Amino acid sequence: MRPPVPRSLPPVWKGPSGPIPTRAELGLDNRDHAPGTPTGLLSSILNSTADGLLVIDRGGRILAWNDMFVSMWNIPLGVMESRRDDEALAAVLDQVVDAEAFLGRIRELYSHPEEESFETISLKNGRIFERFSRPLGPMRDIQGRVWSFRDATIRRMAERSLRESEMRFRAFAEGAACALLIYRGEEIVFANRWAIDAFGDVLGKPYWVCVHPDDVEIVKARGRARSRRETVEGHYDVRLIDREGRLRWFEVTGSTIELDGQAAVLTTAYDITKRKEAEDHTRHVAFHDALTDLPNRALFTDRAEAALTLARRESGQVGVILLDVDRFKNVNDSLGHDAGDELIKRSADRLREVLRGSDTVARLGGDEFAILLPGLKSEETVRVARKLLEAMRQPFLVAGRELRVSASLGLAIGPQDGENVQTLLKSADTAMYRAKDAGRDRLQLFDATMNRAAIQLLELENELHEGLAHNEFALYYQPIVRAVTGELCGVEALIRWRRPDGTVREPDDFIPVAEATGLIQPLGLFVLQAACRDIALMRATLGTPLRVSVNISAAQMREPNIVGIVSNALRAASLDAGSLELEITESSALQGQERTLEALRELVAMGVAISLDDFGTGYASLDLLRRLPIKRIKIDRTFVQDVGSDRVDEAIASATIALAHQLSLEVVGEGVETEFQRHFLESHGCDLLQGHLLGRPMPRDEMTRSLQGRRTEEGVVS
Ligand code: C2E
Ligand code: CA
Ligand code: CA
């Protein structure tokens with residue numbers, strides 16, 4: 001039902017029409033006061049609002065207004081008191097920016113008194129008013145209109161600047177060379193162009209929609225924390241899948257913002273794929289061998305350490321194999337380094353082929369490879385090692401030719417053969433060298449016994465160093481006598497090691513270690529010098545000529561300057577060369593053949609005698625016996641020992657004597673302990689005898705005293 005049309009309906013704004021209703025007629029209770037300046041309750045109500053109020057009746061007369069209205073619009077009180085709405089309207093129209101439009105809407109409302117309306121008015125002075133207008137009185141009996149005006153300048157300005165800053169944000173976001181996302185709750189509510197180009201339309205989707213499955217959990221955890229406005233540490237790297245399905249790395253930063261009064265998260269994601277790739281490349285180079293692209297020692301150590309830790313935790317095992325290509329140097333020397341490199345590369349391929357993905361084959365350098373076999377039983381590890389060995393035996397095609405090589409493998413199993421990677425590698429190395437020593441092209445296992453021996457060896461080596469530094473070595477002398485006459489021909493110098501704790505160690509305990517570690521050089525020098533000095537002294541004391549036999553190791557014979565060393569020792573002791581005999585073994589004579597022979601000849605030329613020690617234990621050939629400039633051979637004491645009990649050894653002893661005599665060599669029987677042995681050797685023509693029966697090894701001064709006694713007893717010394 002349409003309300004009655006107002007009586008006054010200004011086609012244009014013109015003077016008020018009709019009588020002005022009294023305040024009583026309007027039902028206003030401040031009837032005692034002038035209208036427009038209400039007092040009492042009405043006044044309080046009107047003035048308690050921040051809005052400017054104006055009440056006009058249907059006839060266009062001003063019924064009431066408040067102070068705020070007057071001050072907002074700056075309308076002279078006279079105008080208000082005239083009660084004419086056209087006058088008030090004129091004053092208002094003067095001030096609005098678009099008077100025409102404003103007036104148009106006023107007219108509309110005059111013709112529809114039941115309507116409510118709202119508009120925003122811009123004033124010429126820059127202020128912004130909001131106007132609200134609603135009918136006065138009940139719908140069925142509309143009396144007029146209440147106009148209220150609110151100064152919205154501050155709020156509108158704030159909104160505008162918000163809009164502007166949003167535009168600025170958008171401009172920034174669209175121009176950014178990174179993905180910018182805003183999500184609220186779990187939903188993405190904003191994505192910049194970069195993000196959409198990279199990931200497609202993600203609006204409305206959960207914020208982890210593009211995250212790599214492996215990274216979703218961490219991203220969600222951080223997202224939840226941010227939504228709760230908890231502080232989340234700096235930025236982090238995350239893998240995202242782009243719209244083409246490619247994995248890309250992003251550095252992601254998030255910050256909590258407020259969006260329409262709610263918490264939201266602004267996320268920036270910088271593409272760092274290139275940087276990651278560069279990092280990966282650098283890391284790869286740092287942990288791989290350039291020639292074969294196999295892991296290097298550092299990476300191997302890393303993986304082996306991890307495997308060992310796991311093995312310890314799960315009572316498992318880790319196999320470590322060291323593989324060395326046999327005679328690789330020959331390939332390098334004969335075919336050139338390029339061919340050598342090619343062989344290494346082909347070998348790497350072979351090894352890779354045999355192994356599983358969980359195994360690691362690394363190149364430790366040169367022709368040495370290390371293989372890590374985690375999580376296998378010992379037997380399985382051995383089986384893999386055998387496969388590797390077999391693979392290396394197959395011919396290689398290198399530099400256009402077929403090449404046959406082999407490899408020596410040492411296997412150690414952790415943790416029993418090594419608690420950490422270093423000791424495990426060392427164990428494998430020990431085993432590998434045993435494989436080499438045993439003739440190459442084979443697999444050697446490390447075992448705990450070998451480990452103990454290695455540790456003892458190391459300790460002994462250290463002690464030997466100390467012993468040398470502290471002069472703990474001394475020489476004992478054992479007489480060598482002529483068999484038939486019993487006359488003294490000479491003494492053999494035998495080394496003893498007097499430990500600080502008073503114990504004396506026998507040479508069999510430490511000479512092999514000294515030989516293996518190179519300590520035999522300084523030790524041998526000491527023996528030579530001391531023996532020459534001692535003999536010179538004994539000769540002076542006894543006043544008779546005396547010959548000394550000195551044991552020379554193979555390693556000493558290999559010394560290029562052995563001749564010089566010997567002659568220096570003689571000169572230092574003022575001893576003639578004829579008083580010195582060097583005892584060499586078959587093996588030392590065999591090693592380094594020509595040069596050794598040359599040195600021996602020089603020594604003989606000087607007047608030094610050479611004897612071949614431990615005869616019968618090695619592989620001495622008749623040919624060698626003929627070529628060596630030796631004076632005598634010493635039948636090893638193991639043969640002498642069995643004289644009287646072992647026919648074969650007796651035969652060997654007698655045959656050796658006969659053979660030596662054929663070659664015009666003298667024979668010394670060693671280790672003579674019994675009269676029977678002495679008689680046997682004597683009866684078979686053995687020239688000289690040495691052994692406990694004839695005298696034990698003893699210190700120099702004791703030896704001197706014993707010889708002095710013998711002289712007074714026998715009255716002769718030859
Ligand atoms: P070798 O050259 O065969 O020396 C003879 C060994 O037989 C000595 O043992 C000696 O003490 C021992 N012997 C002598 N008579 C008897 C006997 O009647 N019965 C038994 N069972 N043994 C007897 P030693 O002094 O323990 O020396 C062992 C080996 O150590 C030597 O064997 C020699 O190869 C080496 N050696 C000793 N001194 C030196 C040294 O100064 N330099 C080098 N390079 N090697 C040395
Ligand atoms: Ca000897
Ligand atoms: Ca001997």
Side-chain angles (χ1 to χ4, degrees), residues 464 467-468 472-481 489-498 503-535 547-559 562 565-566 569 580-589 591 609-618 630-644 649 667-678 680-681 686 688-700 702-703:
L464 273 171
L468 267 167
E472 289 171 14
F473 295 96
L475 291 182
Y476 276 42
Y477 294 94
Q478 185 177 30
I480 299 172
V481 302
C489 304
V491 292
E492 180 178 359
L494 294 162
I495 195 168
R496 295 291 180 269
W497 186 5
R498 292 202 184 99
T503 58
V504 175
R505 290 176 85 156
E506 302 292 314
D508 284 337
D509 289 349
F510 60 87
I511 289 292
V513 176
E515 285 173 339
T517 56
L519 280 168
I520 193 67
Q521 321 281 13
L523 203 59
L525 185 64
F526 157 79
V527 172
L528 253 176
Q529 290 171 340
C532 291
R533 240 185 356 250
D534 284 350
I535 286 313
R547 194 178 61 229
V548 65
S549 300
V550 172
N551 293 286
I552 300 289
S553 288
Q556 282 175 278
M557 273 317 295
R558 282 200 303 273
E559 266 192 285
I562 181 67
I565 289 170
V566 172
L580 181 66
E581 182 176 73
L582 300 182
E583 296 191 0
I584 62 167
T585 57
E586 296 156 16
S587 59
S588 58
Q591 282 176 12
I610 307 292
S611 67
L612 196 60
D613 208 349
D614 301 346
F615 189 82
T617 57
I630 49 174
K631 191 159 183 188
R632 38 184 87 89
I633 59 174
K634 299 182 82 169
I635 301 177
D636 192 72
R637 62 180 184 271
T638 52
F639 297 109
V640 176
Q641 246 151 38
D642 291 339
V643 163
D649 280 357
V667 181
V668 186
E670 267 187 341
V672 183
E673 294 178 352
T674 64
E675 281 296 341
F676 184 87
Q677 291 162 350
R678 174 194 192 147
F680 178 90
L681 292 169
C686 185
L688 304 163
L689 302 175
Q690 181 184 355
H692 292 166
L693 185 70
L694 306 134
R696 291 181 174 264
M698 56 195 109
R700 181 194 65 199
E702 201 181 315
M703 183 83 224

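Positions are given from 1 along the sequence. Since the structure is predicted, the reported quantities are computational estimates derived from the model, not experimental observations. Atoms within a ligand are numbered from 1 in the order they appear, just like the ligands themselves.
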Min side-chain heavy-atom separation L612-I584 under 4.5 Å:
yes
Residue Q478 vicinity, atoms of ligand 1 by number, heavy atom under 4.0 Å:
10 (C), 14 (C), 15 (N)
Mind listing the closest non-hydrogen atom pair of V640 and Q677 along with its distance?
O-NE2, 3.4 Å
Taking only non-hydrogen atoms of K634, do any sit less than 4.0 angstrom from ligand 1?
no
I'd like to check which ligand 1 atoms, numbered from 1 as shown, lie under 4.0 Å from a non-hydrogen atom of E506.
26 (O)
Non-hydrogen side-chain atoms of R496 and P507 separated by less than 4.5 Å
yes
Could you list which atoms of ligand 1 come closer than 4.0 Å to a heavy atom of G691?
15 (N), 18 (O)
State, with a plain yes or no, whether a side-chain heavy atom of W497 is found less than 4.5 Å away from one of L464.
yes
Tell me whether S549 has at least one N, O or S atom under 3.0 Å from the Ca ion (ligand 2).
no
Below 4.0 Å from ligand 1: does a non-hydrogen atom of E492 turn up there or not?
yes
Report, rounded to 10°, the angle at the Ca ion (ligand 2) between the two atoms OE2 (E492) and OD1 (N551).
90°
Compute the shortest N/O to N/O distance between Q690 and ligand 1 and return yes if it is under 3.5 Å, no if not.
no
Residues passing the salt bridge (Lys or Arg N to Asp or Glu O under 4.0 Å) test with R696, sequence neighbours excluded, are none
Least distance between heavy atoms, V527 atom then V550 atom:
CG1-CG1, 3.8 Å
Give me the atom names and distance for the closest heavy-atom approach of R637 to G671.
CB-CA, 3.8 Å
Could you tell me whether the side chain of Q521 and the main chain of G518 form a donor-acceptor pair under 3.5 Å?
no
Tell me whether G671 reaches ligand 1 (any heavy atom closer than 4.0 angstrom to a ligand atom).
yes
E583 near the Ca ion (ligand 2) via N/O/S, less than 3.0 Å
yes
Tell me every residue that passes salt bridge (Lys or Arg N to Asp or Glu O under 4.0 Å) with R700, counting only those two or more places apart in sequence or in another chain.
D534
Mode of V672 contact toward ligand 1 - side chain, backbone, both, neither (heavy atoms, under 4.0 Å)
backbone
Using side-chain heavy atoms (C-beta onward) and a distance below 4.5 Å, is L468 in contact with L523?
yes
Which atoms of ligand 1 have any heavy atom of P697 under 4.0 Å away?
11 (O)
The atoms of ligand 1 lying under 4.0 Å from a heavy atom of S553, numbered in the order shown, are 44 (N)
Proximal atoms of ligand 1 relative to D508 (non-hydrogen, under 4.0 Å)
28 (C), 29 (C), 30 (O)
Contact check: R496 vs ligand 1, nitrogen or oxygen atoms, below 3.5 angstrom:
yes
Which bit of N551 gets closer than 4.0 Å to ligand 1, counting heavy atoms only: side chain, backbone, both or neither?
both
Which atoms of ligand 1 are found less than 4.0 Å from any heavy atom of D614?
3 (O)
Can you tell which part of R696 has a heavy atom less than 4.0 Å from ligand 1: side chain, backbone, both or neither?
neither
Quick one: look at D636 and ligand 1, take heavy-atom pairs under 4.0 Å, and tell me if it's side chain, backbone, both or neither.
neither
Side chain to side chain contact (heavy atoms under 4.5 Å, CB included) partner of E670, chosen from L689, I480, D614:
D614
Scanning both residues in full, the closest heavy-atom pair of E583 with S549 reads OE2-CB, 3.3 Å
Parallel, tilted or perpendicular: which fits the ring planes of F526 and F473, with parallel below 30° and perpendicular above 60°?
tilted
Within less than 3.0 Å of the Ca ion (ligand 2), any N, O or S from D613?
yes
With heavy-atom distances below 4.0 Å as the criterion, list the atoms of ligand 1 near E673.
17 (C), 18 (O), 19 (N), 20 (C), 21 (N)
